[in-house]
4 protein chains.
Amino acid sequence: MTDFIVPDLRITPREGGYARGQEGFEQILHAALEILVEEGSKALTLRRIAAACGMKAGNLAYYFPSKDELLRELLNAIISSYEQAFDVIVHDPAADAEQRLKRLVTLVLEDIRSKKTTRVFPELWAMSNHDPFVQERVHELYERARVAINELIAEINPRLPVEERELVALFISGSMEGMTMFAGYGKPFESRMPALEQIAVKSFIHLIGSLEPGEIELPRGI
Amino acid sequence: MTDFIVPDLRITPREGGYARGQEGFEQILHAALEILVEEGSKALTLRRIAAACGMKAGNLAYYFPSKDELLRELLNAIISSYEQAFDVIVHDPAADAEQRLKRLVTLVLEDIRSKKTTRVFPELWAMSNHDPFVQERVHELYERARVAINELIAEINPRLPVEERELVALFISGSMEGMTMFAGYGKPFESRMPALEQIAVKSFIHLIGSLEPGEIELPRGI
Amino acid sequence: MTDFIVPDLRITPREGGYARGQEGFEQILHAALEILVEEGSKALTLRRIAAACGMKAGNLAYYFPSKDELLRELLNAIISSYEQAFDVIVHDPAADAEQRLKRLVTLVLEDIRSKKTTRVFPELWAMSNHDPFVQERVHELYERARVAINELIAEINPRLPVEERELVALFISGSMEGMTMFAGYGKPFESRMPALEQIAVKSFIHLIGSLEPGEIELPRGI
Amino acid sequence: MTDFIVPDLRITPREGGYARGQEGFEQILHAALEILVEEGSKALTLRRIAAACGMKAGNLAYYFPSKDELLRELLNAIISSYEQAFDVIVHDPAADAEQRLKRLVTLVLEDIRSKKTTRVFPELWAMSNHDPFVQERVHELYERARVAINELIAEINPRLPVEERELVALFISGSMEGMTMFAGYGKPFESRMPALEQIAVKSFIHLIGSLEPGEIELPRGI
DNA sequence: AATGAATGAGCGTTCATTCAT
DNA sequence: TATGAATGAACGCTCATTCAT
């Protein structure tokens with residue numbers, strides 16, 4: 001169960017440069033993540049990041065041409081870390097599809113309890129409302145999550161047409177994300193997450209299994 | 001169906017409404033909300049708010065002792081507007097409990113499609129991670145929502161113990177909120193919200209009806 | 001002779017505001033001019049200007065939306081001051097045209113000896129090479145100067161066609177400006193300016209009087 | 001006529017040409033000149049110069065101990081290039097003195113139309129107002145020019161005392177320089193330069209020939 | 001009620017420079 | 001020779017805030 005650990009950041013190594021440079025690069029992104037998690041996006045200033053690295057602000061410009069670029073790299077590294085974790089689950093040669101779904105739900109909800117996830121995702125959601133880059137990148141992440149869920153649904157209830165499967169996957173993914181604000185790290189129902197996991201698993205599995213093809217009225221057009 | 005309109009803001013008249021004009025007070029909060037919705041929290045500066053009111057920044061000090069206070073009043077008015085709306089639903093003298101639940105789910109999910117809700121709630125969630133005042137106020141809002149759901153669950157499945165009812169209400173509430181990032185205003189699946197509503201209703205109703213008392217393992221402690 | 005004084009700056013009063021505001025506005029422009037004259041354009045930073053006014057840099061933003069705007073206002077006020085001075089000369093009801101030309105040359109060359117003119121104009125010329133706004137504004141100033149010279153030429157040698165008059169006016173104006181770097185304030189031949197004035201007057205007057213219509217080959221086209 | 005080409009830069013080989021490659025040294029100065037000409041002194045930063053050479057800024061320190069030193073070398077090389085060109089003219093074994101003067105005026109004014117001269121000299125004039133080194137070096141350059149003109153004047157009008165000759169040479173040199181801002185590269189009257197050349201030649205030759213010794217009142221003292 | 005004018009702190013960024021590699 | 005990495009200072013600018021008018 002504890003083998004599902006989303007790494008803090010997944011940083012693509014820079015080409016060239018000394019070892020010290022790669023260190024500094026990663027140090028900056030880790031510091032930025034820490035500040036984002038601990039103090040929120042408003043506190044995410046270059047001076048603060050630099051201070052957290054024991055650097056001067058000017059030196060950040062050496063690693064990142066602009067704050068915007070730093071942020072992009074940070075968000076990318078954050079999101080990549082989740083994508084990487086998802087890939088691990090998907091290729092998990094576990095028992096049957098239902099077991100794998102149970103496992104996926106458990107793992108996602110457990111991850112939501114981590115401080116990083118609880119703190120970072122609401123920031124991403126808020127940013128994505130006004131920043132197309134974030135929107136796009138977040139969208140990609142969830143798309144990958146839905147693909148995984150989708151495959152499990154197809155195994156559990158093969159009669160379900162693809163369109164309905166996708167909707168159910170969307171509903172399941174969203175349902176889980178929605179727990180963040182209530183049972184995430186430091187939230188009032190943090191300790192209730194295990195119970196919520198049981199409810200979620202039971203609910204999702206029944207939903208998948210009970211849906212008849214065509215049962216959901218799909219609005220045509222747009 | 002369209003009678004469920006969350007008012008933009010619910011502004012409680014200033015206690016001891018002396019001096020400070022109620023009019024300017026409300027104008028400022030509405031301008032602030034609009035900026036928050038349209039441009040995000042980063043753009044929510046006093047200068048911008050003042051400009052949107054046709055005022056100069058200095059004059060805001062007449063109405064609010066500080067930006068922080070203005071923000072508190074704004075968030076409070078936003079959250080109050082939702083609370084007010086919830087009260088309306090709860091006292092809806094509709095048919096049976098299941099019908100009322102269906103209606104509640106529909107109304108909540110429809111509201112999530114509104115630009116205001118899609119834009120404001122992620123901001124609230126992000127802020128609540130670092131601002132105890134926001135956290136507390138958001139918690140209150142959702143508590144009220146869960147109470148309403150809880151009552152409906154009790155009617156539908158009276159055998160369910162209160163603790164399990166509360167968990168289910170929490171799950172349902174969180175599930176719905178989780179749709180915001182996917183099928184909210186301007187989101188990729190905005191147009192799929194009606195289908196999601198069907199899935200949600202079906203899923204929630206089955207969940208409520210099918211749960212056996214004691215089926216959920218409740219961790220003792222905390 | 002000393003009645004030809006180019007005012008330091010010609011500042012168009014701002015509309016509205018307190019008296020203190022107009023003061024600050026003018027103070028800033030005067031301080032900026034002084035720095036430009038005494039230390040050159042490289043030293044013309046907002047912090048320095050503010051310091052010279054006893055202000056903090058942030059307050060400059062209250063008067064000018066950007067440094068660029070401040071510079072535009074400064075250059076405009078500088079150039080306007082010369083235009084104003086020129087208008088005075090032109091409408092001078094002095095003796096005959098030749099006398100008026102002598103007087104104009106004397107006055108221009110005397111002005112060139114002033115510290116302000118010696119220091120500011122090379123900056124303007126340099127800036128105008130890369131800043132279209134400065135180029136345009138400087139062009140306007142000299143155009144006005146040439147118009148004045150042109151009128152005098154027309155009186156002295158009425159047979160000269162307009163095109164040739166304009167070229168001679170251009171040559172005379174340029175000749176005078178060219179003294180700046182050699183006999184301007186603090187330059188090696190500053191003390192020789194009176195002698196240069198005599199040479200210039202003699203040379204210009206003969207040139208004007210001796211030119212035959214058509215003597216200058218005018219390249220057709222462009 | 002076109003044999004009068006001012007070389008871009010005249011770079012004296014490094015004394016004790018050890019170590020520091022002459023090649024990189026020249027490359028840097030050429031890049032700096034290009035930036036000065038194309039973008040102006042404000043854009044003349046070490047980073048930009050280095051980038052134009054395909055180097056990193058740090059490497060410039062290998063060739064020049066400081067930016068100031070680089071600038072000195074640059075300006076020196078620029079000015080030297082003009083001095084070299086002047087020497088060529090002076091030793092031109094052309095016909096009589098008047099012809100040589102005509103040729104000199106033509107060549108100088110043609111050179112003024114070049115982009116390099118039009119762009120660089122106003123920068124030099126502006127810098128010389130605040131930088132004694134530049135002032136001194138520019139002074140030297142023009143002194144050499146005046147010497148050449150002076151010799152021609154002495155040939156054309158041998159009766160003229162040396163002091164008056166020098167003043168006339170100064171006037172002629174300054175007159176020509178003054179065309180830069182009006183008929184230089186990209187200036188409004190660029191295409192009128194040939195006509196200005198005719199005017200200048202006619203005017204200068206008459207001035208030289210017509211002056212009587214003692215006609216100019218020379219102020220005694222400094 | 002509201003503006004005008006000012007402040008002090010901080011923002012992201014650029015600069016010349018240094019020095020180990 | 002040249003880059004990588006870092007610094008310290010300054011840049012133009014924006015911010016919330018204050019207070020006299």
Side-chain angles (χ1 to χ4, degrees), chain A residues 14 16-25 42 44-50 53-71, chain B residues 19-21 23-25 44-50 53-71, chain C residues 14 16-25 42-50 53-71, chain D residues 19-21 23-25 44-50 53-70:
Chain A
R14 307 190 308 157
Y18 300 167
R20 180 133 155 259
Q22 181 65 24
E23 256 178 58
F25 187 80
K42 209 189 147 181
L44 199 58
T45 71
L46 294 186
R47 276 167 170 78
R48 234 182 233 258
I49 296 170
C53 296
M55 288 178 184
K56 304 295 167 159
N59 198 24
L60 292 194
Y62 174 76
Y63 291 95
F64 303 92
S66 69
K67 186 187 181 185
D68 225 68
E69 206 54 47
L70 190 158
L71 247 56
Chain B
R20 42 185 58 172
E23 199 183 333
F25 187 83
L44 197 59
T45 69
L46 293 187
R47 275 172 161 73
R48 247 188 214 270
I49 297 170
C53 296
M55 290 176 185
K56 299 298 162 100
N59 196 26
L60 293 191
Y62 180 79
Y63 294 95
F64 303 92
S66 72
K67 182 183 180 183
D68 230 65
E69 204 53 47
L70 189 158
L71 246 57
Chain C
R14 305 191 310 158
Y18 301 165
R20 179 134 155 259
Q22 181 66 24
E23 256 178 58
F25 187 81
K42 210 190 147 180
L44 198 59
T45 71
L46 293 187
R47 277 168 171 77
R48 236 180 231 258
I49 296 171
C53 297
M55 290 177 183
K56 304 294 168 160
N59 197 25
L60 292 194
Y62 173 76
Y63 290 96
F64 303 92
S66 70
K67 185 188 179 183
D68 226 69
E69 206 53 48
L70 190 158
L71 248 55
Chain D
R20 42 186 57 172
E23 199 184 334
F25 187 83
L44 196 60
T45 69
L46 293 187
R47 274 171 164 72
R48 247 188 213 269
I49 296 170
C53 296
M55 290 176 184
K56 297 301 162 98
N59 196 26
L60 293 192
Y62 179 80
Y63 294 95
F64 302 92
S66 72
K67 183 184 180 183
D68 229 66
E69 204 52 49
L70 190 158

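Just so it is clear: chains get the letters A, B, ... in the order the sequence lines come, proteins before strands, and each one is counted from 1. For clarity, every value in this text was computed on a predicted model and none was experimentally measured. All values below come from the heavy atoms of this structure, side chains included, with hydrogens, waters and symmetry mates left out.
Within 4.0 Å of C/Arg48, counting heavy atoms only, lies no atom of the nucleic acid at all.
A 3.5 Å limit on both hydrogen-bonding distances identifies no Watson-Crick or G-U partner for E/dA1. Of all nucleotides present, only F/dA2 satisfies the Watson-Crick or G-U wobble test against E/dT21, with each distance under 3.5 Å. Within the shown strands, E/dT14 is the pairing partner of F/dA9 under the Watson-Crick or G-U definition, both distances less than 3.5 Å.
To the nearest 0.5 Å, atoms OH (A/Tyr63) and CE (A/Met55) are separated by 4.5 Å. Atom CG of residue B/Leu60 and atom NZ of residue B/Lys67 lie 10.5 Å apart, to the nearest 0.5 angstrom. Rounded to the nearest 0.5 angstrom, D/Phe64 CZ and D/Ile49 CD1 are separated by 8.5 Å. Rounded to the nearest 0.5 angstrom, B/Phe25 CZ and B/Leu70 CG are separated by 8.0 Å.
Taking the side chain of A/Met55 as heavy atoms from C-beta on, and the options F/dT3, F/dT7, E/dT17, the nearest nucleotide is F/dT7. When distances are taken from the side chain of A/Arg47 to each of E/dT21, E/dG12, F/dG12, the shortest belongs to E/dG12. For C/Tyr18, whose side chain is taken as the heavy atoms from C-beta onward, the closest listed nucleotide among E/dT3, F/dG12, F/dA5 is E/dT3.
The distance between atom CD of B/Glu69 and atom P of F/dT18, rounded to the nearest whole Å, is 13 Å.
Against DNA chain E, the stretch residues 57-66 of chain C makes heavy-atom approaches under 4.0 Å through C/Gly58, C/Asn59, C/Tyr62, C/Tyr63.
Residue whose closest nucleotide on DNA chain E sits further toward the 5' end, between A/Leu44 and C/Lys56: C/Lys56.
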